[in-house]
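Since the structure comes first, as structure tokens, the remarks are kept for the end.
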Amino acid sequence: MEDDKLADQHVIAAAHHLVKALKDSTSFSNEVRRTLADLDIHLAAMNEAKEDETTSFSEIEGRFKSAQAKIMSLQSNCLKIWDTGPSNQLLEYLQNVEEVRSIIVSLESMVPNKNRKQSRLTNQAHSVLQIAMVRLQEEVINILAQSKQCFGHAYVSFHSCEEIVVDEETMVSIGDDSVEGTSCLDSSRAESEECIIMDLVHPGVVPYIKSIADLMFASHYVQEFCQVFIRFWKDALYEYLGFFCMQQISIEEVLRMDWASLNCRIKKWRQATKNVIAFYLPSEKNLFDQILGEFGSVSSTCFIEVSKDAMMCLLNFGQAVAIGPLLPERLFCLLDMYELLRGLCQDVDALFCEHHGNSIQVEYHELAKNLGDSAKAIFLGLGNRIAANTSTTPFQGGGVHPLTKYVINYFMLLSEYYVTLRFLLEDREVENSGEVVDALVRLDISSKFPCPLALHLQSITSRLESNLEDRSNLYKDDSLKHIFLMNNIHYIVQKIKNSKLRTCFGDEWIKIHIVKYVQHEKSYERKTWNSIISLITGYEKSGKAVLKERCRNFSIAFEDVYKNQTGWTIPDIDLRADLNISIGLRVVHAYRTFAGQVRKSLSEKHIKYTEEDLEEYLLDFFQGSAKSLNHHWRR
């Protein structure tokens, strides 16, 4: 091959000398002489080009040998380049790889010839470049692994799942002062979902990773770079999910979970979803744009490839919860999940706005809709559940029934979701406005409130009142029936009057229901005490024998009432005190007048109880602990 090249140069030189000799001859015409002059110039240029090409090739070959030696010297080293010392060693390595790449470009741009040495050098350069690309893949992973920031716990706002689980037992037993404002007993739902960009790797290494990416992309090793980059960040994202104990779980497994376990996992899911979408993924996208932003859609393609599996893990769990049984205790978690997704909609739309991220976007919005629909279905079904909750046994003591506590405490938690519930009910209200109005007419509910939430809350409360009315009819003692209704309606009014839901019911509703429990209070007094008081009134013309009989009958009647009604209960201290005062004013006043008359006509021994005794014994009423006066005699 070298001989052929030398022979070509000799032929061009010989032709050049021949043309020069002919040009100097005087026997040619001017036209022939001009042609020979042009040919002379052309042959001179060809000769010069051949000499330059020989010089250029030799220079390229020398540059390649130098770069190759430096690159291959590191291949036998077990340590990564990044680990061997200062970062300038990596930059020097990149410069040598870039030299090989530019040599390949130069060689491939040269005019092909029969010189096999050029082809052989090109193949050698490609081999060295490939070796360097494999090494750079390893370097990328090593640099990322060493510089990845351990920010996880610093940004994780994680509440222990050892919190109160909202179920029927909890709603009945939870303290009255601690219900409102708990909102599924997780304060994190009120926090604003503000996007925070974090440094996933130390900022100082980003330029080095970008330099590697630029070189690999320029060398047409795009897929190789993206492959290791995607694999690393996929693993990193799953590691981040591990902070929240979020693993892949099937829909069947979710549906088989007991409520306490599912409630705990939902709290973890909410924390994971919030942190991944609001903090982690925006930071990841920012890093990808810094490194790959100059390469068109490559950055967003890599980002979506990294994030889609983790996002589907979160979304699939959410869908499993959304299709679960429509039980009342699930409503608050569904609303929390719905509010979270609704609050992060703009973040998701911004993260997955590219065409290839559309499927994640669609799945996300579909989940939000399904959670909202399930929450709405549970809320709208509360009235029917209350109506179906019946009993054949009267509630002992006539106090506030567990169903009343459950429903009203349930309302108190719902007050924290006022805006969300209004939003969910508005579209249904438009579709079913006629149906709702008919139902309200049947339940005798005022429809002057335009808010559909208010109408449905009033409807549910009416169902509760009807249920309590039915339960009150189980009592054989009419007095206890009125105590039961007074207790429960008073409880409902007081809770609603002092809550955020007051605006849903209005002052008129509250006034009407205050009148209702006061009426039951008065009815109790009439049923219990009118007949007893009649024993110690209208005695003005009675003889001593009648007075004695009245004294004895009053004592027996009072003892009987005392025995029964000390076992009854009025849980509200103020309500109990008010009723005791009202009873005392009527009974003690009448008894004082009667006892004074008895003392005038009969001896003191016929008066079993003094006025002070009655006042003291009346304080024992409605304490929920039955007592007896049968063997008590005043000393």
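In this text the structure is predicted, and so the values were computed from the model without any measurement.
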Enter the distance from [X]:[atom1] to [Y]:[atom2] here, rounded to the nearest 0.5 Å.
{"X": "Thr503", "Y": "Leu501", "atom1": "OG1", "atom2": "CG", "value": "7.0 Å"}
{"X": "Lys497", "Y": "His490", "atom1": "NZ", "atom2": "NE2", "value": "7.0 Å"}
{"X": "Leu464", "Y": "Tyr410", "atom1": "CG", "atom2": "OH", "value": "14.0 Å"}

>> Before you tell me yes or no, could you show the steps for Gln290 and Ile209 under side-chain contact (heavy atoms from CB on, under 4.5 Å), namely the whole-Å CA-CA distance, both residues' side-chain angles and the distance that decides it to 0.1 Å?
In response: CA-CA 10 Å; Gln290 288 182 61; Ile209 300 172; over 6 Å; no
> Thinking salt bridges, do Asp235 and Arg231 make one under a 4.0 Å N-O criterion?
Replying inline: no
> Would Arg135 and Glu139 pass as an ion pair if we require N to O under 4.0 Å?
Replying inline: yes
> Given the rule in the salt bridge (Lys or Arg N to Asp or Glu O under 4.0 Å) test, do Asp336 and Lys267 qualify, once you have shown the distances and angles that lead to the verdict?
Replying inline: CA-CA 9 Å; Asp336 280 331; Lys267 293 178 188 297; over 6 Å; no
> Arg330 side chain to Pro325 main-chain N or O, any donor-acceptor pair under 3.5 Å?
Replying inline: yes
>> Checking the side chain of Thr404 only, and the main-chain atoms of Val400 only, is there a donor and an acceptor separated by less than 3.5 Å?
In response: no
>> Using a 6.0 Å distance limit plus a 45 degree cone around the ring axis, check whether Arg342 lies over the aromatic ring of Phe423.
In response: yes
> Side chains of Arg471 and Asn467: donor-acceptor distance under 3.5 Å anywhere?
Replying inline: yes
> Should the ring pair Phe411 and Phe505 be called parallel, tilted or perpendicular, given that the plane angle runs from 0 to 90° and is split at 30 and 60?
Replying inline: tilted
> Parallel, tilted or perpendicular: which describes the rings of Phe243 and Tyr240, with under 30° parallel and over 60° perpendicular?
Replying inline: perpendicular
>> With side-chain contact (heavy atoms from CB on, under 4.5 Å) as the criterion, how do Tyr221 and Leu136 come out once you've worked through the C-alpha distance, each side chain's angles and the decisive distance to 0.1 Å?
In response: CA-CA 11 Å; Tyr221 281 78; Leu136 288 178; over 6 Å; no
> So, for Leu335 and Ala375, which heavy atoms are closest and what is the spacing to 0.1 Å?
Replying inline: CD2-CB, 3.7 Å
> With a 4.5 Å limit on heavy-atom distance, are the side chains of Trp259 and Cys333 in contact?
Replying inline: yes
>> List the residues meeting side chain to side chain contact (heavy atoms under 4.5 Å, CB included) with Val298, not counting sequence neighbours, and say none if there are none.
In response: Phe217, Cys226, Leu292, Phe295, Cys302
>> Quick check: Phe352 with Phe303 (ring centres under 6.0 Å apart)?
In response: yes
>> Please determine whether side-chain contact (heavy atoms from CB on, under 4.5 Å) holds for the pair Asn358 and Glu363, giving the CA-CA distance in whole Å, both sets of side-chain angles, and the decisive distance to 0.1 Å.
In response: CA-CA 9 Å; Asn358 184 253; Glu363 289 279 349; over 6 Å; no
Which atom pairs, donor and acceptor, lie under 3.5 Å between side-chain atoms of residues 309-323 and protein residues at least two apart or in another chain?
from	atom 1	to	atom 2	distance (Å)
Asp309	OD2	Lys234	NZ	3.3
Asn316	ND2	Met312	O	3.1
Gln319	OE1	Asn370	ND2	2.9

